[in-house]
Each structure stands twice: as C-alpha cells, then as structure tokens.
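These notes concern the structure reproduced below.
All figures in this text were calculated on a predicted structure; none of them were measured in a lab. Lettering follows sequence order; numbering is per chain, from 1.
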2 protein chains.
Amino acid sequence: MLPRVNSAAIRRLNMVRVFHALRENPRCAQRDLSRLTGLDKATTSAIVAQMVEEGLVERSEAPRARRIGRPETALGIAPSAGLLVGARLEPGTIRIVSTTLAGAVVEQSQIPGSTDLATALRHLHEGIDAVVAASRPEGGAAPPPLRGIGIGIPALMDRAGRLVLAPNLGWRDTPIRPLLEEALGAPVHVDNDTKAAAMAERLFGACRGVEDFVYLTGHSGVGGGLFLGGRLYRGAQGFAGEIGHLTVVPGGRPCGCGKRGCLETYVSETSILAQAGERGRALPDLWAAAAAARDGDPVVRALLEAAGSHLGVALSHMVNLTNPELVVLGGNLSIVAEFVLPTLNAALDEHALEPLRRDLRLVVSPLGPDAVPMGGIALAMDGFLSVPGPIL
Amino acid sequence: MLPRVNSAAIRRLNMVRVFHALRENPRCAQRDLSRLTGLDKATTSAIVAQMVEEGLVERSEAPRARRIGRPETALGIAPSAGLLVGARLEPGTIRIVSTTLAGAVVEQSQIPGSTDLATALRHLHEGIDAVVAASRPEGGAAPPPLRGIGIGIPALMDRAGRLVLAPNLGWRDTPIRPLLEEALGAPVHVDNDTKAAAMAERLFGACRGVEDFVYLTGHSGVGGGLFLGGRLYRGAQGFAGEIGHLTVVPGGRPCGCGKRGCLETYVSETSILAQAGERGRALPDLWAAAAAARDGDPVVRALLEAAGSHLGVALSHMVNLTNPELVVLGGNLSIVAEFVLPTLNAALDEHALEPLRRDLRLVVSPLGPDAVPMGGIALAMDGFLSVPGPIL
DNA sequence: CCCATTTGTTAGACCGTCTATCTAATTCGC
DNA sequence: GCGAATTAGATAGACGGTCTAACAAATGGG
C-alpha cells in the first residue's frame with residue numbers, strides 16, 4: 001500500500017529538503033534555505049523554528065553583517081543533536097566511523113573482523129560502543145544520542161534488507177539486522193557495501209547533485225552501484241548492478257559463479273593478484289601492484305592494461321544501457337586507476353555510443369576506501385530522515 | 001528548482017491516484033477506490049465529488065446490489081470528458097488511434113507517412129482531425145474535446161523533449177513539438193517510439209503494476225525501454241536503453257553507428273532481412289521470415305536462432321545490470337518470437353546470474369505493433385494528469 | 001536622527017486530509 | 001409489511017500544512 005499523503009507528509013518532506021540544503025550549505029541563513037528549497041520564507045521560518053525547538057538546528061550567536069539591512073543569522077545542524085555510526089564489515093577488518101547528523105566525521109576506528117558471526121557481531125558491538133564513547137564533546141559531557149547505525153557488507157541483500165548470501169564471510173540467510181538492532185538499541189541499516197559506497201559518493205563525495213551515475217569498485221569481486229533518477233536503484237530483487245559477472249571473454253577464465261569469462265575474473269583485486277602470481281609475480285595487494293607498475297614491470301603493466309580494457313568493455317555496456325552522467329572509480333580500483341584508465345578510456349571510445357561517450361565524465365573517488373563506512377553514515381542518515389513523525 | 005509541495009500538490013497527487021485506480025478497475029465503487037488508494041473514505045468522497053463536478057467521472061445510474069446494505073454506485077471515467085490521440089510516425093506509414101481519457105480505444109486509422117517534414121506534419125494533422133471527427137458518440141453529438149496528443153517517433157529525443165536525430169526520417173534537431181502544438185491546438189508530447197511503447201506496456205499491456213521491466217523491440221534498429229523503480233528511465237541525456245549498440249561480436253558486422261558487431265547488425269528486422277538476402281533468400285518482411293521458418297527453411301531458421309542467441313547475450317548484460325522482474329518482447333520481435341526464444345533463453349541461462357535469471361519472466365507483448373500508438377496515448381495521459389491545477 | 005534596505009516573524013486566508021457522525025438505501029428476520 | 005441490521009456515501013469540524021501580506025528587527029548611509 002502506498003503511503004498516505006497528508007499534511008504531516010508534506011511537512012516531513014519539506015523538512016528533509018531544508019535539512020539537506022542546510023547540510024550542503026553549512027552556516028547559511030534562512031533566506032538562503034528559502035531560495036534553495038523553493039519554499040516561502042514564512043514556511044522556512046516555521047520549519048526552522050520547529051527544528052530549533054527539537055534541538056536539531058542551532059542558530060549562530062554572531063550575526064553576519066552584510067552590506068546593508070538586517071544581518072543574517074547563520075544556521076547549522078547542531079552537533080549535539082545526535083550521532084550517526086557507519087561501519088564497514090569485512091572478513092579481516094571492521095572499520096567504524098561516527099559523525100554528526102550532518103555527516104561531519106567525529107571519530108574513527110579499525111578493529112579485527114571475523115568470519116564467525118557471533119565473534120564479528122561482538123567485535124562490531126564493542127567497537128561501536130567505544131567509538132560512541134569517544135565521540136563526546138570537548139567539555140567532557142555525555143556523547144550525543146546515537147540516532148542510527150549503517151553497515152556496508154560484501155553481501156547480496158534482498159529488497160527487504162535481509163542478508164541472502166555473503167560468500168567471503170561464509171554467511172547465508174543471516175538475520176544480521178534484527179540481531180544488531182537488539183544488541184545496539186538504535187535503528188540499524190545494513191546494505192551491500194558497493195551500494196552503500198554509492199550512497200556516500202552521492203551525499204558526501206564526487207556525485208553531490210548528480211542524478212545518474214555509476215559507482216564501480218573491485219575487491220574480491222567487481223561491484224557496481226547504480227544511482228538512477230536521483231535515487232539508488234536496487235532492481236526487482238535488490239541485486240541490480242552486478243557488473244562483475246558480465247561476460248567479457250566468451251569461454252574465458254572460470255569464475256566462482258560457475259560461468260566463464262566474467263569481468264571479475266580479470267579486474268578484481270583477487271584476480272589481478274592471482275594472475276600476477278601465475279606469471280611469477282607474487283604481490284600481496286594492489287598497492288604492491290601499483291608500485292610494480294610504477295617501477296615499469298611489464299607483466300604487471302600488461303595485466304592492469306588488460307583489466308582496464310575489459311572493464312571498459314563492461315562499462316560501455318553499462319553506459320549504453322543507462323546513459324549515466326558520471327562514472328566513479330572507487331574502492332581498490334582507485335589504487336590502480338592511473339594504469340587502468342588509458343585502456344579503459346580506449347575501450348569506452350571503441351564500444352560506447354558516441355553521444356553518450358562524449359558527455360560522460362569519469363572520476364576517481366575522492367572518498368577512496370572510506371566510501372563504505374561513510375555509506376553506512378548515508379544509510380543511517382537516510383533512515384533517520386525517513387521515520388514518520390517529528391524528526392527527533 | 002524542485003516543485004513546491006503544498007495542499008494543491010497533495011490534492012493533485014491523490015486525484016491522480018484515484019484516477020489510475022478507477023482506470024484499472026472500471027465500474028468500481030468509491031469504497032473500493034478508498035481501499036485501493038489507501039485514502040480515507042471521506043477524502044475519496046471529496047475527490048470523487050470534484051471529479052464528477054469537473055465532468056471527468058460519472059456515476060452509474062443502476063446501483064449494484066450486494067448481499068446486504070446500501071448498494072454501491074459504480075463509477076467510471078466519463079467517455080465524454082475528453083479524447084486522447086496517440087500516433088506512431090514512421091517513414092512509410094502513420095498510425096493514429098483515439099481513446100477516452102481512460103485509454104479505451106475509440107477510433108483508429110492508418111495513413112501514408114513521409115520523410116519530408118512538411119508533408120508528414122500535414123498528413124499527421126489531417127489524420128488526427130479525421131480521427132477526432134470520427135470519434136463522436138453515437139447520438140451524433142460533437143466529439144469530446146481533445147485533451148492531449150502523444151506521438152512515438154523512431155528518433156533520439158533529449159530530456160527536454162527535443163528531437164535530436166531521426167536517422168530513418170532524415171531529420172535532425174527538428175522542433176516537431178512546437179510545430180505540432182501550434183497546428184493542432186492541444187498539448188503535444190513527442191517521445192522515442194520504444195520508450196512510448198514501454199509506457200504503453202506499463203499502463204495497458206503486460207507490465208501493469210510491474211515496477212522494473214525491460215521492453216525490447218526491433219525494427220530498423222533494436223531498441224530498449226527501461227522502466228525502473230516505477231517510472232520510465234531516461235538517463236542523463238535521455239538516451240538510456242540503447243541496447244542495439246552493445247557489442248556482441250567483437251570485430252563483427254559493420255554498423256551504421258561506425259562500430260562493428262553491434263547487436264542490431266544481427267537482430268533488427270533490417271539486418272535479418274539483409275542477411276537472408278546475402279544467403280539467397282529475398283524476404284520482404286519478418287512475417288515472410290516467420291513463414292519461411294515455419295516451413296522449415298534451414299537458412300532462415302539458423303539466422304533467427306543466431307539472432308536469438310545474440311539478443312540473449314545482450315539481454316543478459318541488461319539483466320545482470322538492472323535486475324528486472326520482466327522482459328517484454330515487443331514490436332517486430334514478437335513476430336518471430338517463437339523461433340528466437342529457444343536460443344535467447346539458452347543464452348540467458350548461460351550468461352545471466354542464476355538468482356536473477358531464476359526469477360526473470362519473459363513474455364511476448366500482448367499489444368504487439370499497437371504498442372507505439374498506445375504509447376502515444378500513455379504520453380498524452382501522463383501529460384494531462386501532470387498539469388497543475390484542476391484536471392479539466 | 002531619519003530612512004532605505006534586508007532579514008525574519010506573525011496573523012490570517014485558504015486548502016488539504018482525517019475522525020466522527022449522520023443520512024441513504026438496501027436485505028434480513030419476523 | 002415493517003423494523004433492525006448493515007453497508008455506502010456525505011457532511012461537519014478538528015487539525016495541520018503552505019502562502020500572502022503586513023509587520024518587527026537590525027543595520028548602513030545620508
């Protein structure tokens with residue numbers, strides 16, 4: 001059933017608009033918010049008053065003088081209004097970050113991960129408690145209340161937010177969200193790590209204000225996050241964006257999915273290192289691969305160029321089908337971007353339609369490996385803005 | 001700037017909900033509309049009253065008796081409330097259809113097309129006038145007022161609705177919408193024929209209520225319409241869905257786009273007939289090809305099977321990337337569907353990810369070649385429902 | 001010191017939906 | 001036949017939005 005549309009829904013929608021306008025334009029005045037959201041200044045005044053009342057927004061004491069007329073009072077999301085926590089859960093490590101409700105980073109930490117569910121959940125729980133405890137303001141007062149937690153996991157999640165399969169962690173049909181919500185006592189949002197990272201790029205990174213973009217990343221596999229028409233696109237079952245299993249070499253290298261020639265058998269960190277090993281180059285990670293390439297190792301260079309070429313073919317399919325404005329190379333792909341980009345661009349030139357190719361921008365993620373935990377923040381922010389009723 | 005969200009916007013949104021609920025459930029009662037839309041029955045009463053006032057909805061005279069209690073009064077979109085016109089503009093022919101505001105077909109016609117802009121516009125104008133004149137109710141009264149016109153064209157349209165390029169018609173940067181709107185005196189909506197057809201499948205065909213689907217068609221090229229997240233997806237420039245230019249055979253047959261091995265060099269009507277000709281089978285159209293295949297012609301069968309296989313590869317890319325619930329084979333592809341489907345399905349089995357493939361449904365369009373003009377109806381309906389203010 | 005200028009607030013009109021009640025039209029039970 | 005039960009639909013009032021228009025507040029310039 002569709003949600004009811006009534007006065008309360010209007011207020012919520014407009015309040016969220018004001019929130020994001022203020023988040024993206026810190027210390028701006030009510031007048032600016034009015035112009036940014038398109039709402040009347042009277043309406044803006046009422047909404048801001050309510051947000052101040054609830055403690056979500058604070059007015060600056062020092063008025064900013066303009067050339068003439070009454071000076072503006074700068075507004076801001078109150079740091080004391082609450083805390084968001086984002087996490088990246090991987091087999092080896094767990095990264096945790098806490099931010100204000102506006103998304104400004106407060107604390108970070110990194111702790112060991114585990115493929116054992118109970119152990120991983122315990123580490124996560126303890127790590128979050130520690131980060132929240134460390135996120136107290138300077139005066140030594142109590143930390144702001146925890147408003148939401150978002151977690152990016154290398155897993156297939158269905159549309160209901162259930163974990164279906166996490167091959168690297170060895171988990172299947174694990175009710176991770178209820179488990180965590182019970183343990184942590186705050187709203188928990190779990191999503192695929194790549195989709196979370198795409199959300200982060202949209203809210204905090206290279207894609208602010210971009211309606212249609214593709215986020216690419218490569219760790220054990222190659223993932224794609226599709227942001228289409230101003231929102232994260234999930235598909236019918238929640239599995240959209242699986243670029244890693246496009247066939248790029250018919251009859252090529254065997255893939256864990258049972259098929260052959262999948263993109264991720266050529267482009268993921270795992271497969272690049274495996275191929276290097278087959279050719280007598282034992283490399284621990286992609287940083288080593290980038291270093292070797294920088295030193296002029298022809299074998300590693302050829303591998304990375306081939307990876308770029310294959311990625312470019314798959315990406316050209318993506319571009320022809322979805323006509324994005326921007327493509328972001330994120331995650332581990334950003335480490336080797338400089339060696340991958342030339343052949344990637346050439347493949348795009350060759351296989352993408354000219355008008356789509358011409359206006360396509362391709363950037364390396366500014367968030368880099370922090371994109372996933374910041375994606376958790378994005379999930380949590382989205383969640384706490386979506387709760388009906390007054391925000392706090 | 002985002003549209004303002006206020007009382008008027010709510011009413012419009014809820015009225016459109018009621019409209020579609022009534023369109024999809026003809027002769028239902030107010031109580032049913034209330035349940036279908038989730039609105040309170042008081043609200044439904046007010047909205048229906050307004051729509052009756054405006055002449056958009058009519059109440060049935062004969063009450064429908066139920067087991068007990070006051071009988072329902074059946075409601076319906078008034079046929080006299082207005083007329084929509086949809087058209088398909090092709091170089092050789094123009095098909096025109098008129099419907100009620102609910103989308104029930106009233107009249108149809110087919111007239112000659114032209115690649116000369118002025119001639120085509122004149123034919124279109126005269127044809128629409130004739131269809132409108134023929135759409136008068138039985139009593140001989142004046143035809144209902146023309147509320148909107150939608151036209152599907154084999155052309156690249158940008159996001160602002162401007163015609164960028166129509167290779168088959170030989171048009172480029174043609175301001176067709178302003179020209180027609182001035183001539184016809186009603187709101188005109190022009191869109192790519194495949195996208196229009198996808199809209200038709202969603203409103204009237206196989207995809208009613210489906211949020212994520214892919215519509216495929218093949219005439220001179222192969223087009224794809226993406227319906228994602230409950231709305232037609234256009235992409236950053238408006239060119240999304242260009243499945244016809246996915247590379248399926250590296251270094252394969254040369255394509256009009258300048259590349260090689262594009263899908264549409266193997267699957268479109270034009271290319272299938274050309275390939276048959278190269279092999280000594282002169283066929284006038286795909287019906288002839290289907291007939292030959294039905295008679296057991298091995299050359300034609302092999303061609304169609306190869307087409308299915310290539311289409312399946314491209315479609316598996318689409319499926320892996322967008323995870324649709326449903327794929328619709330429309331347009332000319334539906335003519336040869338029975339010979340294409342076996343290899344198409346096999347290619348999907350081979351190249352699409354198993355969980356995505358398992359839940360994917362694949363159907364042949366029930367609208368067939370009428371999808372494009374009915375897509376014009378869908379565009380016109382969408383347009384007249386989007387005008388702010390009271391609907392009529 | 002007065003006035004123009006700009007920001008922000010407030011009063012009231014206007015228009016939505018929702019709750020609660022009422023009216024209308026039928027069937028069921030006697 | 002006739003009243004009670006039942007269901008569909010209408011209506012009144014509460015409530016809560018946004019918008020217009022006027023007002024209050026705070027500054028610079030003459």
Expressed as a whole number of angstroms, how long is the span from [X]:[atom1] to [N]:[atom2]?
X	N	atom1	atom2	result
B/Lys41	C/dT21	NZ	P	12 Å
A/Arg70	D/dT27	CZ	P	9 Å
A/Arg35	C/dG8	CZ	P	10 Å
B/Gln30	D/dG9	CD	C1'	6 Å
B/Leu36	D/dA8	CG	P	13 Å
B/Leu75	D/dA10	CG	C1'	14 Å

Counting just side-chain N and O atoms, does A/Thr73 come under 4.0 Å of either OP1 or OP2 of C/dG8?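 So the side chain of A/Thr73 is within the cut-off, an N or O lying under 4.0 Å from OP1 or OP2 of C/dG8.
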Are any of B/Arg59's side-chain N or O atoms less than 4.0 Å away from OP1 or OP2 of D/dA10? yes
A/Ile68 side chain: which of D/dG28, C/dG8, C/dA20 is closest? D/dG28
Choosing from C/dT5, C/dG8, D/dA8, which nucleotide comes nearest the side chain of A/Glu72?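 The answer is C/dG8, which lies nearest to the side chain.
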Residues which pass side chain to side chain donor-acceptor pair (under 3.5 Å) with A/Thr100, listed by chain and number, not counting sequence neighbours: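 If we apply the side chain to side chain donor-acceptor pair (under 3.5 Å) test to A/Thr100, skipping adjacent residues, there are no hits.
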Residue list, side-chain contact (heavy atoms from CB on, under 4.5 Å) with [X], at least two apart or on another chain:
X	value
A/Arg234	A/Arg159, A/Asp191, A/Lys195, A/Leu232
B/Pro137	B/Ala141, B/Pro144
A/Ala378	A/Met199, A/Leu203, A/Phe204
B/Ile149	B/Val85, B/Ile128, B/Leu146, B/Ile151, B/Leu184, B/Ala186, B/Val188

Do B/Val210 and B/Phe227 come close enough that some side-chain heavy atom pair is under 4.5 Å?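 No, side chains not in contact.
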At a cut-off of 3.5 Å, list every protein nitrogen or oxygen paired with a nitrogen or oxygen from nucleotides 14-18 of chain D, distance to 0.1 Å.
unit_1	atom_1	unit_2	atom_2	d
D/dT18	OP1	A/Asn14	ND2	3.0
D/dT18	OP2	A/Arg11	NE	3.4
D/dT18	OP2	A/Arg11	NH2	2.7

